[in-house]
Amino acid sequence: MNKYNVVVVGATGLVGSTLIEVLEERDFPLNQLLPLASSRSVGKEIKAFGRSYAVEELTTDAFTDNYDFAFFCAGGEISKQYAPLSVQKGIISIDNTSYFRNDDNVPLIVPEVNFEQVHSTDRLISNPNCSTIQCMPPLKVLADLYGIESINYATYQACSGAGIDGLNDLLNDTTFCFDYKIRESVLPRIDVFLDNGYSKEEAKMINETAKILKLPGVPISATCVRVPITTGHSVAVTVELKREPDIDQVRRSMSAVEGLSVVDDIKNNIYPIAESVRGKDIIEVGRLRKDLFRANVIHFWTVADNLRKGAATNAIQIAEKFIAKYPESIS
Ligand SMILES: NC(=O)c1ccc[n+]([C@@H]2O[C@H](COP(=O)([O-])OP(=O)(O)OC[C@H]3O[C@@H](n4cnc5c(N)ncnc54)[C@H](OP(=O)(O)O)[C@@H]3O)[C@@H](O)[C@H]2O)c1
């Protein structure tokens, strides 16, 4: 079996460190690992794959044609500057930031939903926003079965979604990252507000959903809210369909999707909660029900670990599928 040389940009952050853990857990065919971060982290030790790696500083000459995959987990401005350098060297570059997600030339991928949009020559692939990722597999089922007329999201997003600073605000009761103390609140602002009244996080969910599910012009709305839990995002989704859904058929079809688990036994008070997916790679779906007034409308609730399926695991699954489908085109 071939083994691959991997760069992780932002290796000391929440997503980057989770990514290295998940690479090891999934037995990724790794040859060399190069963990990169800012100058603040140079020399920090990362233990993985039975050995210790020293973090190096991200510089413009970090990317050489010796590497096969690069995972970018250090923010949009870093991806903007460094991902093109990685691509130039022929490295398959998987970006966790939002920087390239709306670029028509960059595929935006949830592997179990739209991997067919990746070509052997692609060298830059975007990983969607964490809340978007967990909604895509269930929505793809509904799109295939009944067609989608409109979508409305309400999110309940964990503090680790805002990186180390967000997590620390929750743990230390500070306001370095959030506008208000979050311990006793839920905050309806994630990322900056835009002129149209939406937040940038809400815009990401809207634009990314349309791109991944190929729903141009379909009305989509979102309200994104930060909640005082460490890890695990929850999303309430309302979907208007072209035809009346059969809930049993929806349950059966969702249960058949790789990585999607239907947890929906309300008689016994069993439904998805963020805590039950923390540290796991699955997406759970439950509270499936038809709208009381509109026959074509269905509601559901979904949870996933934002650092894993919402970021690191999804990125690694993209690399794994690339290896399986296009082994010859990896240098
Ligand atoms: N957290 C989530 O749930 C989630 C989910 C999906 C996508 N994302 C995206 O993933 C990216 C990383 O998020 P995160 O939550 O892991 O953030 P984080 O915990 O704050 O980590 C940021 C990482 O970026 C590195 N970094 C910052 N400035 C740098 C520089 N000038 N040069 C090199 N490295 C630099 C940091 O290195 P130092 O330790 O040296 O400062 C650290 O490794 C963001 O774009 C975020 O939007 C996050």
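Atom set for the values below is all heavy atoms of this structure, side chains included, hydrogens, waters and symmetry mates excluded. All values reported here derive from a predicted model rather than from experimental measurement. All residue numbers in this chain count up from 1 along the given sequence.
- Atoms OG1 and CG, from T18 and L307 in turn, are 4.5 Å apart once rounded to the nearest 0.5 Å.
- In this view, Y156 and W301 satisfy the ring-ring contact (aromatic ring centres under 6.0 Å, His included) rule, not counting sequence neighbours.
- Each of T64, N66, D65 was scored for a side-chain hydrogen bond (donor to acceptor under 3.5 Å, both in side chains) with N5, with one residue passing: N66.
- Taken from CD1 in I330 to CD1 in I91, the straight-line distance is 12.5 Å, to the nearest 0.5 Å.
- Checked against side chain to side chain donor-acceptor pair (under 3.5 Å), S52 has the following partners two or more places apart in sequence or in another chain: E45.
- A donor-acceptor contact shorter than 3.5 Å is absent between the side chain of D122 and the backbone of L124.
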Between K211 and D104, is a salt bridge (Lys or Arg N to Asp or Glu O under 4.0 Å) present by the stated rule, with each step listed?
-> CA-CA 9 Å; K211 180 170 174 179; D104 288 340; 5.3 Å; no
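- At least one donor-acceptor pair under 3.5 Å links the side chain of T302 to the backbone N or O of E284.
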side-chain contact (heavy atoms from CB on, under 4.5 Å) assessment of V237 paired with I151 | CA-CA 7 Å; V237 190; I151 301 168; 4.1 Å; yes
Take Y4 and N31, measure what side-chain contact (heavy atoms from CB on, under 4.5 Å) needs, and give me the verdict at the end.
-> CA-CA 5 Å; Y4 301 97; N31 184 36; 5.9 Å; no
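- When the side chains of ILVMFWY residues are joined at heavy-atom separations under 4.5 Å, either directly or via intervening members, L215 and V113 end up in a single hydrophobic cluster.
- The closest side-chain donor-acceptor pair between Q317 and K309 falls under 3.5 angstrom.
- Looking only at distances, no side-chain donor or acceptor of T132 sits under 3.5 Å from a matching main-chain atom of T209.
- To the nearest 0.5 angstrom, D264 atom CG is 10.5 Å from I270 atom CD1.
- Not counting sequence neighbours, the partners of K242 by the salt bridge (Lys or Arg N to Asp or Glu O under 4.0 Å) test are E149.
- Residues V239 and L288 share a single hydrophobic cluster, defined by chaining ILVMFWY side chains whose heavy atoms lie under 4.5 Å apart.
- Neither I133 nor I125 shares a network with the other; the hydrophobic side chains, linked directly or stepwise wherever heavy atoms of I, L, V, M, F, W or Y lie under 4.5 Å apart, form separate groups for each.
- For K80, the NZ atom is loosely surrounded, since the number of other residues' heavy atoms within 6.0 Å does not exceed 12.
- Side-chain contact between S255 and L260 is absent, with no heavy-atom pair separated by less than 4.5 Å.
- Atom OH of Y271 has 12 or fewer neighbouring heavy atoms from other residues, nucleotides or ligands inside a 6.0 Å radius.
- S41 contributes no side-chain N or O that, together with a main-chain N or O of A37, makes up a donor-acceptor pair within less than 3.5 Å.
- The CZ atom of F69 sits 4.0 Å away from atom CD1 of I323, with the distance rounded to the nearest 0.5 Å.
- Under the rule for a ring-ring contact (aromatic ring centres under 6.0 Å, His included), the partners of F322 that lie at least two apart in sequence or sit in another chain are Y326.
- Relative to the ring axis of Y99, R101 does not place its NZ or CZ within 45° and under 6.0 Å from the centre.
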Which is it for F300 and R287 under the side-chain contact (heavy atoms from CB on, under 4.5 Å) test, yes or no, and what are the steps along the way?
-> CA-CA 5 Å; F300 65 89; R287 300 294 322 280; 5.8 Å; no
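- Side-chain N or O atoms of N127 include one that pairs as donor or acceptor with a backbone N or O of A311 at under 3.5 Å.
- Take T238 and apply the side chain to side chain donor-acceptor pair (under 3.5 Å) test, not counting sequence neighbours, and it matches H299.
- Note that the CG atom of D305 and the OG atom of S276 stand 10.5 Å from one another [nearest 0.5 Å].
- Within the 4.5 Å cutoff, the side chain of I109 has heavy atoms near those of the P111 side chain.
- No donor-acceptor distance shorter than 3.5 angstrom exists from the side chain of Y67 to the backbone of S86, with no hydrogens or angles considered.
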Stepwise side-chain contact (heavy atoms from CB on, under 4.5 Å) check, L142 with M254 | CA-CA 9 Å; L142 295 172; M254 287 189 181; 4.1 Å; yes
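- Using modelled atom types, one finds a donor on one side chain and an acceptor on the other under 3.5 Å when comparing S79 with D95.
- Contacts classified as side chain to side chain donor-acceptor pair (under 3.5 Å) and involving residues 174-184 (residues at least two apart or in different chains) are given here: D169-T174, D179-R189.
- In this structure the side chain of Y153 reaches within 4.5 angstrom of the side chain of M205, judged on heavy atoms.
- Applying the ring-ring contact (aromatic ring centres under 6.0 Å, His included) rule to F63 yields the partners F72; only residues at least two apart in sequence or on another chain are considered.
- The salt bridge (Lys or Arg N to Asp or Glu O under 4.0 Å) check on E116 picks up nothing, with sequence neighbours excluded.
- Judged by distance alone, with hydrogens and angles left aside, the side-chain atoms of S185 form no donor-acceptor pair with the main-chain N or O of I182 at under 3.5 Å.
- Looking only at distances, no side-chain donor or acceptor of R289 sits under 3.5 Å from a matching main-chain atom of I298.
- Evaluation of the side chain to side chain donor-acceptor pair (under 3.5 Å) rule for Q117 yields N114 as partners, not counting sequence neighbours.
- Partner N129 forms a side-chain hydrogen bond (donor to acceptor under 3.5 Å, both in side chains) with one of E208, K200, H233, E201 and no other, that one being E201.
- Cluster membership check: L145 shares its hydrophobic cluster with V285, using side-chain heavy-atom separations under 4.5 Å among Ile, Leu, Val, Met, Phe, Trp and Tyr.
- Proximity of a side-chain donor or acceptor of R278 to a complementary backbone N or O of T231 within less than 3.5 Å is detected.
- Listed by chain and number, the residues in a salt bridge (Lys or Arg N to Asp or Glu O under 4.0 Å) with D165 amount to none (sequence neighbours excluded).
- Judged as a salt bridge (Lys or Arg N to Asp or Glu O under 4.0 Å), the pairs with a partner in residues 20-29 (not counting sequence neighbours) are, in order, E25-R308, R26-D281, R26-E320.
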Take D248 and R252 through the test salt bridge (Lys or Arg N to Asp or Glu O under 4.0 Å) and record every step on the way to the result.
-> CA-CA 6 Å; D248 289 334; R252 279 195 304 278; 5.4 Å; no
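- In the hydrophobic cluster analysis, where Ile, Leu, Val, Met, Phe, Trp and Tyr join through side-chain heavy atoms closer than 4.5 angstrom, I92 is grouped apart from V7.
- Side chain of K89 to main chain of L85: no donor-acceptor pair is present (N/O by atom type, distance under 3.5 Å, no hydrogens or angles).
- A side-chain donor from one of Q157 and S131 sits under 3.5 Å from a side-chain acceptor of the other.
- With sequence neighbours excluded, the residues forming a salt bridge (Lys or Arg N to Asp or Glu O under 4.0 Å) with K290 are E244, listed by chain and number.
- Inter-residue side-chain proximity for V9 and I78 is flagged as met; some heavy-atom pair is nearer than 4.5 Å.
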